[in-house]
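The structure under discussion appears below in the form of structure tokens.
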Protein chains: 4
Amino acid sequence: MSATETIEAEGHLIDSGHLSAIFDKVIEHHGAFEILLFDIGRTNDAVSRIQMRLTTADERTLETLLQELTGFGCHTVAERDALTRPAEKDRCVPDDFYSTTNHRTHVRIGGRWVEVEAQRMDAVIVVSGQSAACRKLRDVKAGEAVVCGHEGIRVTPGFRERDRLGFAFMSNDVSSERRVEASVSRIAGMFRDVKRNGGRIAVVAGPVVVHTGGVEHFSHLIRRGFVDVVLAGNALAVHDIEYALSGTSLGIDLAAGAPVDQGHRNHMAAINTVNRAGGVRQAVEAGVLTSGVMYECIKNGVEYVLAGSIRDDGPLPDTEMDLVRAQDAYARALSKNVQLVLMLSSMLHSIGVGNMLPSWVRVVCVDINPAVVTKLSDRGSMQTVGVVTDVGLFLHHLASQLAEGT
Amino acid sequence: MSATETIEAEGHLIDSGHLSAIFDKVIEHHGAFEILLFDIGRTNDAVSRIQMRLTTADERTLETLLQELTGFGCHTVAERDALTRPAEKDRCVPDDFYSTTNHRTHVRIGGRWVEVEAQRMDAVIVVSGQSAACRKLRDVKAGEAVVCGHEGIRVTPGFRERDRLGFAFMSNDVSSERRVEASVSRIAGMFRDVKRNGGRIAVVAGPVVVHTGGVEHFSHLIRRGFVDVVLAGNALAVHDIEYALSGTSLGIDLAAGAPVDQGHRNHMAAINTVNRAGGVRQAVEAGVLTSGVMYECIKNGVEYVLAGSIRDDGPLPDTEMDLVRAQDAYARALSKNVQLVLMLSSMLHSIGVGNMLPSWVRVVCVDINPAVVTKLSDRGSMQTVGVVTDVGLFLHHLASQLAEGT
Amino acid sequence: MSATETIEAEGHLIDSGHLSAIFDKVIEHHGAFEILLFDIGRTNDAVSRIQMRLTTADERTLETLLQELTGFGCHTVAERDALTRPAEKDRCVPDDFYSTTNHRTHVRIGGRWVEVEAQRMDAVIVVSGQSAACRKLRDVKAGEAVVCGHEGIRVTPGFRERDRLGFAFMSNDVSSERRVEASVSRIAGMFRDVKRNGGRIAVVAGPVVVHTGGVEHFSHLIRRGFVDVVLAGNALAVHDIEYALSGTSLGIDLAAGAPVDQGHRNHMAAINTVNRAGGVRQAVEAGVLTSGVMYECIKNGVEYVLAGSIRDDGPLPDTEMDLVRAQDAYARALSKNVQLVLMLSSMLHSIGVGNMLPSWVRVVCVDINPAVVTKLSDRGSMQTVGVVTDVGLFLHHLASQLAEGT
Amino acid sequence: MSATETIEAEGHLIDSGHLSAIFDKVIEHHGAFEILLFDIGRTNDAVSRIQMRLTTADERTLETLLQELTGFGCHTVAERDALTRPAEKDRCVPDDFYSTTNHRTHVRIGGRWVEVEAQRMDAVIVVSGQSAACRKLRDVKAGEAVVCGHEGIRVTPGFRERDRLGFAFMSNDVSSERRVEASVSRIAGMFRDVKRNGGRIAVVAGPVVVHTGGVEHFSHLIRRGFVDVVLAGNALAVHDIEYALSGTSLGIDLAAGAPVDQGHRNHMAAINTVNRAGGVRQAVEAGVLTSGVMYECIKNGVEYVLAGSIRDDGPLPDTEMDLVRAQDAYARALSKNVQLVLMLSSMLHSIGVGNMLPSWVRVVCVDINPAVVTKLSDRGSMQTVGVVTDVGLFLHHLASQLAEGT
């Protein structure tokens, strides 16, 4: 009555923790395993390879288990093509659809292994001719060929490399009890490394960047060419412009650190000023807006996308309030060779961006709340460096480090 | 060269802290004041009345100060009509526009004091004939009469009443070191009180309500008639439906407290199932969805609005991804005699809702992170009770208390 | 059947919030009040004066209420001497003992008002001849004259002054969403101000100061003469010495930001090294310890007290493991004209110190956890400035600011 | 010039993550490894065994590496006796002393492997005849034989077992976004399991247990026989007794949830009352103290140790203010077959206790602050279950669960 299958996996199975995770998964499903072959990497750099026979109570559990194990790079020994079934209608796929991870994935079509394009998590894979691509559920059209089950799918999960740029060692834990200056040096190194390689850098930023005094330092990074894309919400832009126009952020004078004057009214006046000009670019061109993050983006040709949210005042004319379009704009900006994403004090936008990224894009997440950093790091501990610190001071030190080097 | 004006204010000036705040404001602007008349309330219930002469360095500072002081109920002794100016174009108002608070406000039109409708903060006031209403900046049309300056405006700020329902004493501080069961009793009392008076109750809820096991208890509140409106995002509905269909939330089995099976895939399957049915209501009607918060909303005729965000998977067909429309739908739902709002573990939606509420709607904010409760409470300490606790257990105890009483 | 009494109070009653607090107290006890006289300060600087008649249900409630109101500066109109009763035995006082606040207090002895010495909270007042002093309960001896009840006691509560050093405006709230560089400037100003006035500065510090890279900057402050007393626990000294000897803190290399080598063993080796020398001073004199906070303390004649705790490794020979002696040593160090206390990342020691301080010593509390800052600030919002930030970076910026000025 | 050594290890090397950790350590030291033999456990239950040759740049690095690897169960293939050297003087050991982990350890003496007694971390091992024991540095006497280097030492690290009591799955991460009721069920199961096996249970508790309303529920656990030892500080006892005598905790009425009456004075009155009686036991015997945690401890013969701290008021006569004696009393209480420790809202005492425990004692840590739970769990993720929730409500649910079962 029980079901059985032989699978194999190869790679840095031990260092990555995948081998242990594979065993765990089998136990979770009350299955059993027998190791048929285990070839451990003899040296630091060599990969390991395992072949094991799985046994579960019934066929259905086995199917489930096998689909889950694809996430750790497992595949059946006997190679078959990926199974596809047509989507029954728009936005609706067969029940046994394969749900993607953010790791590099190949599917077998007509006997050939094809890399899946636009890799991201929580998507389905649509096959068209000899190519395959991740597709958000909402973008699936009736009749499209959707990959189902677990066969003919190979996932190549990343693993925490031990020695490149010290990335791995930094990301071991999330704690506020760390010397941030050491982290800043390494992150500055990553910034330089990515730019040297022709990659692009995206910054996801919340309004706390402005409140904590990060505007000058962020502006500096933009002027030095270390920022290619800014992904944010309406509030970052509003408070940045409020600060440029009146020296306050949410009514707090950032030089004096005290609430002033027309306090809470200033951000509404900022929106009104931009509305009058017709948009942020027009306000810059008219000479009304002469400093700040948004100003620098426009002056330096940095792409920005402002996504709306339920809490927005205004919004600014530049803010995209249709969130389907906003998500697409974010994803498009990230797809243009972005190799590093710096996430600053915005859990909302950072999770949004995290959902869109393949696992090989590096992520640095900075927040003063350790729970936020933990949450973001959990989405892929191998790609994320978390730093628990004051965001304004972090930007100050990062900008200083990057000024020295160039 | 200096400017001077005589103002007056009346009400619970001392208990509310307004008198002290008025003095602070004058000092902030480097002004001086002289008390002309101070009639202190002789007994617990009597109100106080003050008349004072303000002096500032120049006319412009005086104008600014006077506008700010309207927020504490101050008005000039000499009564004049409110000044209006036409909006120069859509979404754009004169620079000296009056920016609203969330307190009850009257403006003087043609010699008569008129209450401003649709009170909310960060809006402007548009006058039309003998009526006046708050208007979001984005909804202002060219040529409309916008209230400017500070004259002819009277704000009646609330104050922390000392003895009604124990509301005041609870809200004194935000701390995790409190006995929650005492707070729950009082909040249950508020719930009953509002329903007895024919008021409506709105619940703002994040997906943590599902993750922490609150679904059964929330469902119970709905069935008992204690919830009239649910304001949430896509994620609450997705995880609620995931839990109804598969017993998990974000892949964690809520009975066992452990990750299971198809883990992260379950929420995508939930979305797919609703997409197949055509929407949440259709899924309920088709007998596919048979329990949970969304199910109960539909079965019990509870209004719900799901607002989209940049981090949404799916979204469900019911989720409003156009945030201008979503904000309007939230505001509309709140405007129908909602007298109490319970905010559960969603900073984003809670801030959104807080922005829309007049100061006389009571708010109870529950979150396990004290910083979130502090932030939400700061928006109007007189109307908000903050409780720092586990949201799932809070709902359990609230539902138990409200079950007993009815 | 009811009881009544006439009291008066004077000072900045409104600005300080005391008048409102007095009213609240009366209501809490279900009492009533009638204002007999209220003389409001006519100008910014003038004080107010109030006389009011209180009525409560019975004599006992009135006694309780009157004792509580002493904390806000209230006293009965009819002046009587303070009532004393003998302590029945060591460490044990009459049930109606007067429990002190941290505000300046006078008691009336033989018709004369005498200032109470060694002011601190949660103590009793012992009268001896014509003098009076705060005494910890454990230090009370049988037969000593202990002040009881509420008569003949006058408390002069501080109030948040509006314009001195910007202290007041800074302390309005506790949030991580602030520009720390503005706070640092003001705090640097306080440091200079205190030193210019001949006052002493105490620093309370936890081991996080070392972990976050603050040692060099703290050392700098000591060398520049800005630190007179260091109050800490065993852990600060152990990790400081670990860092001096091996470059790590809890096994993390602070330059590289990564765990190294003999990791967790290093702090034990540090203790062993100090044990071998015989103490910290001997290790410095022997040339074994050549840098760090402890080294600088010894080289610059800065007093330090290390208090033991249940979590201590070692301890170092310098650590006082008898906590009665440790508390006394802390209190003694603070009593020598300390005018400013900087509390860095140690809730335990900070609360301990906070308990010992009179309300006129200014306190700056820095921690990355807002709940800690809130908790410490709650003990006396008028004397405490809270800064939520990264402690290592805070020290870096504070040291830079203070280097410039001198 | 390079140094080399062959080591072996066996056990659940992969599941435990030890194999990966061994590789990491080698890389950290810039060493190389070659796998000579790897025998993977063929089935769920079988252990693995590895033999590998290590090469490092020099002999000293090799020594360091080998000592570190003992923590993961590695030992050299060639067996030698443990090296001991005499302590040069009291509290002072040779520089290459072996610093213990909290895992079960054996040392080879005269050719025989002997289990080390009183296992705990951060100690040294003292050999006396044919026996060996952990010794705190401060207790080492001149001339005692202290184990040095890495030879003749075998550590048997625990590993996260997959299926016993669901312990492992619970402890995967620390998050406030969990259903606590599922965790409570499992923890109740552990409590019953330990009592069934004749083990003892210790509870470490901070005053927040009282503030959050946990006293009745904690009392219930004691009366039901689920608590054998209470390890706490002065504050727990003071506030517990304050609550028993006056219904408040830090002046907050726990039934009403509001500050009352003589507020802050109540805890001083509680201390005074106990001082008058002569101690907690005497207060119980005199009928003065008739409820609460301390009362139940005395009535039910539960051992308690109250350790002093720098922040203590009083202290109570029962509080041990000599911290060397307090640590020894804690350690003694824990050494009597304590198999489970429940840590409730006291980072200080919990870290203290964590330092004393061998790795095979299970620990459940409950706090509303995720950073505290993370910090405590980090000390040994395999033995600790972390629950982020409201402590008062947690105790309520735990007591309910344990009431049902018995």
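The chains referred to below are lettered A, B, ... by the order of the sequence lines, with proteins before strands, and numbering in each begins at 1. Quick caveat: nothing in here was measured; it's all calculated off a predicted structure.
Looking only at heavy-atom pairs under 4.5 Å with chain B, the residue among A/Ser309, A/Ala326, A/Gly308, A/Ala123 that has the most is A/Ser309. Interface remark: of the candidates B/Val274, B/Asn272, B/Leu137, B/Ile271, B/Asn272 forms the most heavy-atom pairs closer than 4.5 Å to chain A. Interface summary for chain A: among B/Thr101, B/Val93, B/Val324, the most heavy-atom pairs under 4.5 angstrom belong to B/Val93. Between chain B and the options A/Pro317, A/Ala371, A/Gly314, heavy-atom pairs under 4.5 Å are most frequent for A/Gly314.
At least one donor-acceptor pair closer than 3.5 Å links the side chain of A/Arg91 to the backbone N or O of B/Pro315.
Looking at B/Asp313, the atoms closer than 4.5 Å to chain A (heavy atoms on both sides) all sit in the side chain, from C-beta outward. If you measure heavy-atom distances from B/Leu348 to chain A, the contacts under 4.5 Å come from both the backbone and the side chain. Heavy atoms closer than 4.5 Å to chain A are found in the side chain of B/Tyr330, but not in its backbone. Contacts between B/Glu320 and chain A at a heavy-atom distance below 4.5 Å are absent for every atom of the residue.
When side chains are defined from C-beta on, B/Asp312 does not count as touching A/Leu323, because their heavy atoms never get closer than 4.5 Å. Here the side chains of A/Met121 and B/Met268 are not in contact, with every heavy-atom distance at 4.5 Å or above. At a threshold of 4.5 Å between non-hydrogen side-chain atoms, the residues A/His267 and B/Asp122 count as touching. Using a 4.5 Å cut-off on side-chain heavy atoms (C-beta onward), A/Met321 and B/Arg138 make contact. Side-chain contact between A/Asn275 and B/Lys89 is absent, with no heavy-atom pair separated by less than 4.5 Å.
For the atom pair CZ of B/Arg311 and NE2 of A/His349, the computed distance is 11.5 Å after rounding to the nearest 0.5 Å.
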(request) Might you work through the salt bridge (charged side-chain N to carboxylate O under 4.0 Å, His left out) test for B/Asp95 and A/Arg276, ending with a clear yes or no? (result) CA-CA 10 Å; B/Asp95 279 335; A/Arg276 180 174 295 138; 3.0 Å; yes
(request) Give the intermediate values and the outcome of side chain to side chain contact (heavy atoms under 4.5 Å, CB included) for residues A/Ile310 and B/Ile351. (result) CA-CA 8 Å; A/Ile310 193 75; B/Ile351 293 180; over 6 Å; no
(request) With side chain to side chain contact (heavy atoms under 4.5 Å, CB included) as the test, would you mind laying out the steps for A/Asp322 and B/Arg325 before giving the verdict? (result) CA-CA 9 Å; A/Asp322 177 328; B/Arg325 288 214 297 263; over 6 Å; no
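Not counting sequence neighbours, the partners of A/Glu144 by the side-chain contact (heavy atoms from CB on, under 4.5 Å) test are A/Val126, A/Arg135, A/Val140, A/Lys141.
Residues B/Arg265 and A/Gln67 bring a donor and an acceptor atom of their side chains to less than 3.5 Å of each other.
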